[in-house]
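So you know, we letter chains A, B, ... as the sequences are listed, proteins then strands, and number each from 1.
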Amino acid sequence: MKKYLASLFDATANKLEYLKNKSVILSVPNQKGHGDLSTNIAMLLTKELKKNPREIATEIIDNLDYDSSIIEKIEIAGPGFINFSFSIKFLSKIIFEIDEAKSDFGKSKKHVGKRANVEFVSANPTGPLTVGHGRNAIIGDTVANLLQWIGYDVDREYYFNNAGRQMRVLGQSVQLRYKELLGEIVDFTDEYYQGEYIKEIAQLLVDEHGDKLLNEDDESIFKSKAEKEIFKEIETTLEHLDIKMNNFFNEQTLYDDGKIDAVLKEFKDKNLSYKKDDALWLKLTELGNEQDKVIVKSTGEPTYRLPDIAYHITKFNRGYNLIIDVFGSDHNATFPDVKAGIQALGYDAEKVDVLIYQFVTIIEKGEVVKMSTRKANYITLDELTEAVGKDVVRYFFNMRSLSSHLNFDIDLAKKQSEENPVFYLQYAHARISSILRMTDEQKMNSSFDNLELLSTEAEINLMKMLHQFKDEVYYSAVNYEPHRIANYLEELATSFHKFYTDCRILGTEKKLAEARIALAKSTQTVIKNGLSILGVSAPDRM
RNA sequence: GCACCCAUAGCUCAAUUGGAUAGAGUACCUGACUACGAAUCAGGCGGUUGGAGGUUCGAAUCCUCCUGGGUGUACCA
């Protein structure tokens, strides 16, 4: 619909000077009776032309060279909106288009040939992923899906650091549990990782090495065992959610490959760093930020900023056109420094988009559950997935906008009932499968020959919803808003259920029945495609 | 103190990025299965969009101030 109107306006711009180089925004009115698409262009032009918006609208319409078999009606309404209504003949074409494209329907080629890197999860391997990481994981993976739908070649990347203090403590924790298992009395204070998994890893070491490690004086062998085991578990957890990383990027390689030194040298050459109190500072104030920050501590250890800058530069050098980081709101202060740093080194920081999502609050039995990894007071992502299933986890984390503090109600998620919105969508899909099984048995076919018979309100609404899908995908993708897809699908499912109750197929006159089967089928395709973006399955039976 | 985010129906959240009468779900109250799945549909109840100003044809959305929450504010990541 938009495509056709956009081309009309382009053509009209040749006749009306003031429409040139204006982007005409077409939107779906949220009020029934205001047409199928609407534009506010006339109101936007009032200042420039010093004319009444309704006059401008009239002039534009008079110069629109439209096909009356496609557009049924054009109206000027309210203060100066131009509302367009489309014909059934045009609306119903979508059914045919969907059938042609099938699982590709909704995809766009706008960004074909471009590469994107989506970095997400990126939890250091100090313990199992928690429900908190779940939101990060699902958002990252779904945004990656969306980018693929608009043509990007996408890599999913996990960045980790196995060198810091946390990891040393992890190694020591395992070492202590190991000693404990072999009968030594240890003082396991609460600075150590308290989780049960530490004991399990220690047990593995006992099984493998017996008591031979008792005299190890440093924790490194314990640390590397822990890291290996924990990563194995993290990957399994992600797999349970259908998430597959293309690349695990170890921060350590930045040091080994000299990338850190190279960045340090560049900052020095550009006179952007200086020594003060034995530490090396980055002149962020010169780059427009609030204050200078330390990049190498007086101990000689870099702060997180330095490797982060070096890491992002590798992303540029690896040829990505779009670089996305997914962070929790606790990181919101860190990325301006990093962005300023890479910009200063001559890279286009505009290509880096940081998605900040707000924290998840877990609600169980109506109460807030507080969590901490070190204190082992948490619900793991795996436990959650096991309890409610992949589809529910993915849907729940996708259904709200990033900026909203998400309440994850475990009891609601567990309910396999009408209160759980996932099932509403899946039910619509399964219901269509059921219809198709039924019509198949009765040797009824779908047909595109008489689609203009689809003329009831429910049928027309459903077709309009189908028309919106492609825009919805594009819009969600470029704005990184997966929740829009979830909202759209709920609306689509509602339109379908309404159609189902109003418009029968069995026992209806043959031509109309065939057209309705075609409509149901195309609806099913769109539901399935939408769910696949979210990573939720579309069952044929429930 | 400062910075970023948030505040919308009893509850959980939307609102096409400044558009028309602010919408869904849930809860509560009605009604609809002897023909395609009632995990559904229809109707009702529910709002000064935290408060006060401002900007303009038009504000939940932008600006200022206030109130109340979240997250940071390190030579932690």
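Here B:rA3 presents its P atom at 16 Å from CZ of A:Phe335, a figure rounded to the nearest Å. Rounded to a whole Å, the CD1 atom of A:Ile505 is 13 Å from the C1' atom of B:rG37. The CG atom of A:Asn398 sits 15 Å away from the C1' atom of B:rA14 (whole-angstrom rounding). Straight-line distance from the OH atom of A:Tyr304 to the C1' atom of B:rC76: 9 Å, rounded to whole Å. In this structure, the CD atom of A:Glu490 is 15 Å from the C1' atom of B:rU40, given to the nearest Å. Computed from coordinates, the A:His331 NE2 to B:rC76 P distance equals 15 Å when rounded to whole Å. Between the CG atom of A:Asn332 and the C1' atom of B:rA3 there is a distance of 8 Å, rounded to whole Å.
Comparing B:rG37, B:rU71, B:rA77 by their closest approach to the side chain of A:Asp330 singles out B:rU71. Counting only heavy atoms from C-beta on, A:Met438 has its side chain closest to B:rC36 among B:rC13, B:rC36, B:rA38. Of the listed nucleotides (B:rC41, B:rC57, B:rU17), B:rC57 has the atom at the smallest distance from the side chain of A:Pro79. Proximity note for A:Tyr424 (side chain, C-beta onward) versus B:rA77, B:rU40, B:rC4: the nearest is B:rU40. Out of B:rU16, B:rA14, B:rU71, the shortest distance to the side chain of A:Ser27 is found at B:rU16. In the set B:rU17, B:rA35, B:rA14, the nucleotide with an atom closest to the side chain of A:Arg504 is B:rA35. In the set B:rG72, B:rG37, B:rU16, the nucleotide with an atom closest to the side chain of A:Tyr475 is B:rU16. Side chain of A:Arg400, nearest nucleotide from B:rA14, B:rG19, B:rA39: B:rA14.
Side-chain N/O atoms of A:His483 include one lying less than 4.0 angstrom from OP1 or OP2 on B:rA15. Between A:Arg484 and the phosphate of B:rU17, there is no side-chain N or O to OP1/OP2 separation shorter than 4.0 Å. Between A:Thr494 and B:rA24 there is no side-chain N or O to OP1 or OP2 distance below 4.0 Å. In this structure, A:Lys297 reaches the B:rC76 phosphate: one of its side-chain N or O atoms is under 4.0 Å from OP1 or OP2. Checking the phosphate oxygens (OP1, OP2) of B:rA38, a side-chain nitrogen or oxygen of A:Tyr500 falls inside 4.0 Å. Between B:rU17 and A:Tyr480, no contact under 4.0 Å exists linking OP1 or OP2 to a side-chain N or O. At the phosphate of B:rC57, neither OP1 nor OP2 sits under 4.0 Å from any side-chain N or O atom of A:Thr46.
Contact detail for A:Gly106 and A:Lys470: the closest heavy-atom pair is O-CG, 3.8 Å. A:Glu472 and A:Ile485 get closest at one heavy-atom pair: O-CD1, 4.1 Å.
Within 4.0 Å of A:Pro302, counting heavy atoms only, lie sugar-phosphate atoms of the nucleic acid but no base atom. Base engagement by A:Arg541 is indicated by at least one non-hydrogen atom pair under 4.0 Å involving a base atom. When heavy atoms are screened at a 4.0 angstrom cut-off, A:Asp277 is found touching base atoms of the nucleic acid. At the heavy-atom level, A:Phe359 lies under 4.0 Å from the strands shown only through sugar-phosphate atoms. Nucleic acid contact for A:Ala279: base, since at least one base atom lies under 4.0 Å from a heavy atom of the residue. The residue A:Asn83 sits close to a base: some heavy atom pair falls under 4.0 Å. Using a 4.0 Å heavy-atom distance criterion, A:Asn30 is classed as a base contact. Within 4.0 Å (heavy atoms only), A:Ala77 reaches at least one base atom of the nucleic acid. Contacts of A:His34 with the nucleic acid, taken as non-hydrogen atoms under 4.0 Å apart, include base atoms. Residue-level contact check: A:Met399 touches neither bases nor backbone, having no heavy atom under 4.0 Å from any strand. At the heavy-atom level, A:Asn487 lies under 4.0 Å from the strands shown only through sugar-phosphate atoms. Residue contacts for A:Pro336: at a heavy-atom cut-off of 4.0 Å it reaches no nucleic acid atom on any strand shown. Across all strands, A:Ile356 comes closer than 4.0 Å to no nucleic acid atom at all (heavy-atom distances). Within 4.0 Å (heavy atoms only), A:Met43 reaches at least one base atom of the nucleic acid.
No hydrogens or angles were tested; on distance alone, nothing pairs the side chain of A:Thr303 with the base of B:rA77 as donor and acceptor under 3.5 Å. Put simply, the side chain of A:Ser298 and the base of B:rC75 share a donor and an acceptor less than 3.5 Å apart.
Using a 30° and 60° split on the angle between ring planes, A:Phe249 and A:Tyr159 fall in the tilted class, from 30° to 60°. Taking the six-membered ring where the residue is Trp, A:Trp281 and A:Tyr274 present parallel rings, their angle staying beneath 30° rather than reaching 60°.
In summary, the side chains of A:Asn398 and A:Thr142 do present a donor paired with an acceptor at a separation below 3.5 Å, with no hydrogens or angles considered. A:Asp540 and A:Ser433 are linked by a side-chain donor-acceptor pair at a separation below 3.5 angstrom, with hydrogens and angles left out of the test.
In this structure, A:Glu441 contributes its side chain and A:Met438 its backbone to no donor-acceptor pair below 3.5 Å.
An aromatic stack links A:Phe81 and the base of B:rA20, using centre distance under 5.5 Å and interplanar angle under 30°.
With the nearest nucleotide of RNA chain B identified for both A:His497 and A:Ser434, A:Ser434 has the one nearer the 5' end.
Applying the Watson-Crick and G-U wobble criteria (two distances, each under 3.5 Å), B:rA35 pairs with nothing in any strand. Across the strands present, B:rA52 finds its partner in B:rU64; the criterion is a Watson-Crick or G-U wobble pair with both atom distances under 3.5 angstrom. Searching all strands for a Watson-Crick or G-U wobble partner of B:rG23 with both distances below 3.5 Å returns B:rC13.
Relative to the six-membered ring of A:Phe496, A:Arg431 misses at least one condition, a distance below 6.0 Å or an angle of at most 45° to the axis.
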